[in-house]
Amino acid sequence: MPDKILDLSKPVPEDHEHVEHIKEASDYLRGTIVEGLNDPITGAIASDDTQLTKFHGSYMQDDRELRNERRHSKLEPAYSFMIRVRVPGGICSAEQYLDMDRIANTLANKTLKLTTRQAFQFHGVVKRNLKPLMQGIIRAKMDSIAACGDVNRNVMCNPNPYQSEVHQEVYDACCAISDHLTPNTSAYYEIWMDGEKVEGTPKFRTETGGDDEPIYTRRYLPRKFKIAVAIPPNNDVDIFANDIGLIAIEKDGNLEGFNVAVGGGMGMTHGMPETYPRLASVIGFASTDRIVEVCEAIMTIQRDYGCRTNRKHARFKYTIDDYGLEFIKDEIASRTGTALDETRDYSFDNNGDQYGWLKGTNGKWNLTLFIEGGRVKDTKSLKLMTALREIAEECGECDFRLTGNQNLMIGNISEADKENIEAKLKAYKIGEYGGLSGLRRNSIACVALPTCGLAMAESERYLPTLITKIEDICETVGLRDDDIVIRMTGCPNGCGRPYLGEIGFVGKAPGKYNLYLGAGFAGERLNKLYRENINETQILDELKPILESYAKEREEGERFGDFTIRQGYVKATVEGKDFHA
Ligand code: SRM
Ligand code: SF4
């Protein structure tokens, strides 16, 4: 039995990461954030506080394209803040969507980013606008606490509870897990709302909770923690990329419970083979009534045993590979008093979104729209932001739902509104998805430049152009409509889950990418490095013969990722530890 790493009876050990000392000294995530916000001399906040604002849902960034110019002019970097709004299960009302739109247009950079974890992001928020923006979110009865930081993040699930009874039950379970694992600290409302209570705000706990963090403790988790729930056969939230992935098991139209998978994560660092993406391992089954306590038990195992001396080794996937799955199973049994049951049968057949119109169990309509790179904005040629705003203003009872693939579902639409929405989309020349190639409708790109401080190459701004060029090849060989999962990120951290792309690109340097091939179409197998550090011409030269041969030589129903393995372009990755092999 290993010793726990978290020991609250002693001061934070010297060899623990600096962030551990910051958390301990922060008085439940307060630090000197208020003082920093009130300091008019700089557009920044204190460095230690930037670690704490993450827990409040905000990252300090600077415009990387202005760095040199500002340095030469002896100005401080062009600081701004990114704010992430948690939307458990991805669902908000039309009214809340309009609040997000208004905030983006008045206090941020007039765009909304729909993220790979069903959240909204605002970019380019200057310091003086940060507090008004946070207040706007909270007055919209939403929140940003725990959207980032060493805590459980936005819990994901399919965003259409009207697809079936089971979808509704899964959505309810997702919200229950999210609510239970939301941090308790009153610092959030104290700092951003001056302690004011807003009726209906999720988890306003100052009255009941105070600062005690019974689940997290004052040191919180060693690292971020992520949970997602999928309903077979659709793995649209990529559960295997999560610290906990839950697979809904139904019987005769009722939810029985969930297979529990643990230890997924995408992040790695170039040149450090001891870091690797890992897919979650399925370890058993828990009935619906147990799922919240099982999630808490798993998360607290990571709280107690996760590495706190090296953040690159601090994700749950490494705790599992260090201690073994049997240890994790035994701990779950001892913490909950009951062992997990035998894993139930399940199978996934895709990890994408089902575009277009779908009628719900309540007789209303739901429409899934492709949003390229998850970016909602107006351009000269496409007034996407305006169109969505007008739909939200006019659509009565409808709601807005974010998918795990950066897309948008407009839900709960009446028959009459369906016609209006179709007319509106036509007027604004917004296709539902018709006309998109199989590559584009299965694409994800992370934010990367210019806001992401970790980006080594473009992603969101570049993938659409690259896809157009790959589409030319696909068109020639007759693959235009074939679904192929393609994903790009500007660095190896994996925010667009690139290691689950049948074609994956990971930025190495400006204009240079590693090319990965061979992931499973349903998100059940990682891909493998095929070519390193290549530019656009090389990418196209590499992909052309493979796509040509796929068009000619694939077997009936064979997916592109499977084909690249069968033909020996790459070896199958069996587990995270052999990703680099
Ligand atoms: Fe991420 C860090 C954006 C999903 C793994 N991620 C970041 C930061 C905050 C950069 C930073 O630390 O300074 C990025 C902000 C960019 C910007 O300008 O907005 C960022 N991550 C995103 C988003 C917005 C990408 C997107 O285009 O949609 C996604 C927000 C999700 C959300 O709503 O919560 C996003 N990030 C992910 C995912 C995908 C997922 O969760 O399904 C992953 C891989 C899964 C995982 O966690 O392993 C992911 N992000 C990372 C990592 C690597 C973590 C690791 O274990 O090594 C970092 C860097 C870090 O934590 O040190 C990171
Ligand atoms: Fe930034 Fe890298 Fe995440 Fe892309 S993958 S958003 S470049 S941290």
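These numbers come from the heavy atoms of this one structure, side chains and all, not from hydrogens, waters or symmetry mates. Read the numbers this way: they start at 1 and go in the same order the structure lists the ligands and their atoms.
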Task: atom 4 (C) of ligand 1: nearest protein contact (heavy atom, Å) - done: Thr116 OG1, 3.2 Å
- [ ] Measure from atom 60 (C) of ligand 1 to every heavy atom in Glu460, Arg311, Met156, Arg223 and give the option owning the shortest one.
- [x] Arg223
Task: Per-atom contacts, ligand 1 versus Lys226 - under 4.0 Å to a heavy atom - done: 36 (N), 37 (C), 38 (C), 40 (C), 41 (O), 43 (C), 45 (C), 46 (C), 47 (O), 49 (C)
- [ ] Within a distance under 4.0 Å of any heavy atom of Gln121, pick out the atoms of ligand 1 and give their elements.
- [x] 17 (C), 19 (O), 24 (C), 30 (C)
Open item on the list: Considering non-hydrogen atoms of the protein only, which is the closest contact for atom 16 (C) of ligand 1, and what is the distance?
Closed with: Cys452 CB, 3.6 Å
Open item on the list: With the threshold set at under 4.0 angstrom, would you say Gly496 reaches ligand 1 through any of its heavy atoms?
Closed with: no
- [ ] Specify side chain, backbone, both or neither for Lys312, according to which of its non-hydrogen atoms lie closer than 4.0 Å to ligand 1.
- [x] neither
Task: Atoms of ligand 1 close to Met82 [distance to a heavy atom under 4.0 angstrom, numbered from 1] - done: 15 (C), 19 (O)
- [ ] State the atoms of ligand 1, each with its element, that fall below the 4.0 Å cut-off from a heavy-atom position in Ala119.
- [x] 33 (O)
Open item on the list: One residue to check: Gln118. Relative to ligand 1, which of side chain, backbone, both or neither has a non-hydrogen atom less than 4.0 Å away?
Closed with: neither
Open item on the list: Under 4.0 Å, heavy-atom basis, I'd like to know which part of Met266 is in contact with ligand 1: side chain, backbone, both or neither.
Closed with: both
Task: Check: Arg315 N/O within less than 3.5 Å of ligand 1 N/O - done: yes
- [ ] For atom 1 (Fe) of ligand 2, state how many protein N, O or S atoms fall inside a distance shorter than 2.8 Å.
- [x] 1
- [ ] May I ask you to check if any N/O/S atom from Cys495 comes under 2.8 Å of atom 1 (Fe) of ligand 1?
- [x] yes
Task: Atoms of ligand 1 close to Lys113 [distance to a heavy atom under 4.0 angstrom, numbered from 1] - done: 26 (C), 27 (O), 28 (O)
Task: atom 63 (C) of ligand 1 - nearest protein heavy atom and its distance - done: Lys224 NZ, 3.3 Å
- [ ] Pick one of side chain, backbone, both or neither for how Cys148 approaches ligand 1, counting any non-hydrogen atom pair under 4.0 Å.
- [x] neither
Task: Heavy-atom gap His123 to ligand 1 smaller than 4.0 Å - done: yes
Task: For Gly265, atoms of ligand 1 separated by under 4.0 Å from a heavy atom - done: 48 (O)
TODO: Report yes or no: does Arg153 have a heavy atom closer than 4.0 Å to ligand 1?
DONE: no
Open item on the list: Would you say Asn242 and Arg153 are linked by a side-chain donor-acceptor pair, where the criterion is simply a distance under 3.5 Å?
Closed with: no
TODO: Pull out every atom of ligand 1 sitting under 4.0 Å from any heavy atom of Leu454, numbered as shown with elements.
DONE: 10 (C), 11 (C), 12 (O), 13 (O), 59 (C)
Open item on the list: Between ligand 1 and Ala448, can you find any atom pair, the residue atom being a heavy atom, that is separated by under 4.0 Å?
Closed with: no
Task: Closest approach of any protein heavy atom to atom 57 (O) of ligand 1, naming residue and atom - done: Gly267 CA, 3.6 Å
Open item on the list: Between ligand 1 and Val447, is the shortest N or O to N or O distance under 3.5 Å?
Closed with: yes
TODO: Indicate whether the side chain of Thr319 and that of Gln302 have a donor and an acceptor atom separated by less than 3.5 Å.
DONE: yes
Open item on the list: Closer than 4.0 Å to some heavy atom of Gln406 - which atoms of ligand 1 meet that?
Closed with: 26 (C), 27 (O), 28 (O)
